[in-house]
2 protein chains.
Amino acid sequence: EDIVISGVAFRRSEAKITIRNVNDEPGVAAKLFTALAKKHIQVDMIIQNETLNQRNDIGFTVSGADSAKALEVCEALKAELGGSEVVCDRNVAKVSAVGVGMQTHVDVAATMFRALSEAGVNILSITTSEIKITVLIAEEQVDRAVQTIHDAFELSKTA
Amino acid sequence: EDIVISGVAFRRSEAKITIRNVNDEPGVAAKLFTALAKKHIQVDMIIQNETLNQRNDIGFTVSGADSAKALEVCEALKAELGGSEVVCDRNVAKVSAVGVGMQTHVDVAATMFRALSEAGVNILSITTSEIKITVLIAEEQVDRAVQTIHDAFELSKTA
Ligand SMILES: C[C@@H](O)[C@H](N)C(=O)O
Ligand SMILES: C[C@@H](O)[C@H](N)C(=O)O
């Protein structure tokens with residue numbers, strides 16, 4: 001199945017917030033997102049990876065404008081969720097390679113990650129969907145990242 | 001914007017593989033996915049969350065059939081990537097709430113996570129896209145999870 005990358009999307013100035021080492025048991029994620037929803041905090045990405053000793057980190061991104069409110073919610077809930085600390089990176093950008101036929105992610109991922117590496121861009125977080133591979137990177141590297149991914153997939157220069 | 005959940009999608013028998021504590025520097029993700037691509041291992045989800053002391057965990061899912069080959073690649077690369085261990089959970093299932101208007105994820109997330117919690121389903125991993133919220137859970141809980149999410153979003157019973 002040919003991979004057709006149709007474009008590179010990005011969003012500047014997001015904030016990534018992570019509560020580290022929450023209890024890995026039913027109800028923890030529900031409590032956190034119910035509290036964020038009550039405060040009408042618009043969450044963009046939600047990321048949870050791998051458990052260790054029945055604990056896990058839950059991360060999410062919000063607009064820069066919502067980051068202070070979201071941090072308050074997390075700090076207030078930290079103890080109840082068993083979390084050890086709340087970390088916030090206010091200067092992240094989201095960059096995605098978008099295409100059809102992504103079922104064969106692995107080639108697209110390898111190409112995209114190699115392009116970022118050659119441009120000296122460190123990948124902070126990764127998520128995927130059927131049509132996208134999305135990375136979080138430092139905001140100041142977003143122009144370089146978009147350009148290098150464009151080049152790697154030989155996308156035309158038209159905006 | 002009204003949230004319209006149009007359905008619940010799932011995929012049984014995936015395997016989740018994670019390399020823990022790899023060096024958090026450009027090139028690491030590129031090396032891993034280039035090696036997986038060379039062996040034609042079809043990767044589904046890719047998840048990386050939050051760095052700690054310049055190290056990070058990279059996780060991904062493959063079909064049950066590809067898990068042994070993928071594990072070999074990871075074990076062979078572990079030292080070069082600075083990883084401390086490779087973990088594999090062979091009995092995971094992927095469950096997604098799919099809908100439009102997901103820009104307001106937080107309400108959908110809260111509803112979905114509450115439903116899973118009430119059904120006693122532990123969330124192993126989480127990723128999102130503009131139209132989906134996806135969780136990994138233990139394979140034996142997939143029927144219960146799909147049913148409880150259906151009910152929570154009042155989706156009709158038609159299959
Ligand atoms: C960590 C958190 O996701 C937990 N496993 C839950 O189900 O809520
Ligand atoms: C951990 C890994 O993603 C690393 N940050 C990289 O850019 O490759």
Side-chain angles (χ1 to χ4, degrees), chain A residues 16 18 20 24-38 40-52 56-60 87 89 103-107 109-135, chain B residues 16 18 20 24-38 40-52 56-60 87 89 103-107 109-135:
Chain A
K16 169 92 181 319
T18 304
R20 288 199 210 278
D24 197 355
E25 63 195 19
V28 167
K31 273 190 197 124
L32 174 61
F33 288 92
T34 299
L36 291 166
K38 269 211 188 94
H40 309 294
I41 293 168
Q42 288 316 335
V43 166
D44 183 17
M45 298 165 74
I46 304 172
I47 308 176
Q48 178 185 312
N49 197 353
E50 189 63 33
T51 191
L52 177 66
N56 211 326
D57 299 342
I58 302 182
F60 60 92
V87 293
D89 185 345
Q103 292 311 332
T104 55
H105 266 144
V106 68
D107 299 304
T111 303
M112 181 180 176
F113 298 161
R114 270 199 308 271
L116 291 169
S117 164
E118 283 153 15
V121 174
N122 190 42
I123 301 167
L124 303 176
S125 297
I126 307 169
T127 64
T128 55
S129 76
E130 278 68 13
I131 59 160
K132 266 188 198 183
I133 296 185
T134 299
V135 295
Chain B
K16 169 95 182 318
T18 305
R20 288 200 208 279
D24 197 356
E25 63 195 18
V28 167
K31 274 189 197 126
L32 175 60
F33 288 91
T34 299
L36 291 166
K38 271 212 188 94
H40 308 296
I41 292 167
Q42 288 317 334
V43 166
D44 182 17
M45 296 165 76
I46 304 173
I47 307 176
Q48 177 184 314
N49 195 354
E50 188 64 35
T51 191
L52 177 64
N56 211 325
D57 299 342
I58 301 182
F60 60 91
V87 293
D89 184 344
Q103 295 309 336
T104 54
H105 266 147
V106 69
D107 299 302
T111 304
M112 182 179 175
F113 299 160
R114 270 200 307 270
L116 292 169
S117 163
E118 281 153 16
V121 175
N122 190 43
I123 301 168
L124 303 175
S125 296
I126 307 169
T127 65
T128 55
S129 76
E130 278 69 12
I131 59 160
K132 266 189 199 181
I133 295 186
T134 299
V135 296

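The basis for the numbers below is simple: all heavy atoms, side chains too, and nothing from hydrogens, waters or symmetry mates. Throughout, protein chains are lettered first and strands after them, A, B, ... in sequence-line order, and every chain is numbered starting at 1.
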Side chain, backbone, both or neither: which part of [X] has an atom under 4.5 Å from a heavy atom of chain A?
| X | result |
| --- | --- |
| B/L32 | neither |
| B/N56 | side chain |
| B/V87 | side chain |

Under 3.5 Å donor-acceptor pairs involving side-chain atoms of residues 120-127 of chain A, not counting sequence neighbours:
| residue | atom | partner | partner atom | Å |
| --- | --- | --- | --- | --- |
| A/N122 | ND2 | B/D24 | OD1 | 3.2 |
| A/S125 | OG | A/K16 | NZ | 3.4 |
| A/S125 | OG | B/N49 | O | 2.6 |

Legend entry - Spatial distance of atom CE (B/M112) from atom CZ (A/F33) [nearest 0.5 Å]: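 Separation between the atoms: 11.5 Å.
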
Inset, instruction - Would you give the length of the straight line joining atom CD of A/E130 to atom CD1 of B/I131, rounded to the nearest 0.5 angstrom? - result: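 It is 7.5 Å, given to the nearest 0.5 Å.
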
Inset, instruction - Heavy-atom distances under 4.5 Å only: say whether A/T51 touches chain B with side chain, backbone, both or neither. - result: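 Only the backbone of A/T51 comes within 4.5 Å of chain B.
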
Which heavy atom of [X] sits nearest a heavy atom of [Y], and at what distance?
| X | Y | value |
| --- | --- | --- |
| A/P26 | B/S117 | C-OG, 3.9 Å |
| A/Q48 | B/I47 | O-CG2, 3.7 Å |
| A/H105 | B/D44 | ND1-O, 2.6 Å |

Looking only at heavy atoms and a cut-off of under 4.5 Å, which of [options] has the most pairs with chain A?
| options | value |
| --- | --- |
| B/T111, B/L52, B/V28, B/V135 | B/L52 |
| B/E50, B/R114, B/M45 | B/E50 |
| B/T134, B/I41, B/T34, B/D57 | B/T34 |

Inset, instruction - Please determine, among A/I58, A/D89, A/T128, the option with the most heavy-atom pairs under 4.5 Å with chain B. - result: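 When all of A/I58, A/D89, A/T128 are compared, A/T128 has the most.
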
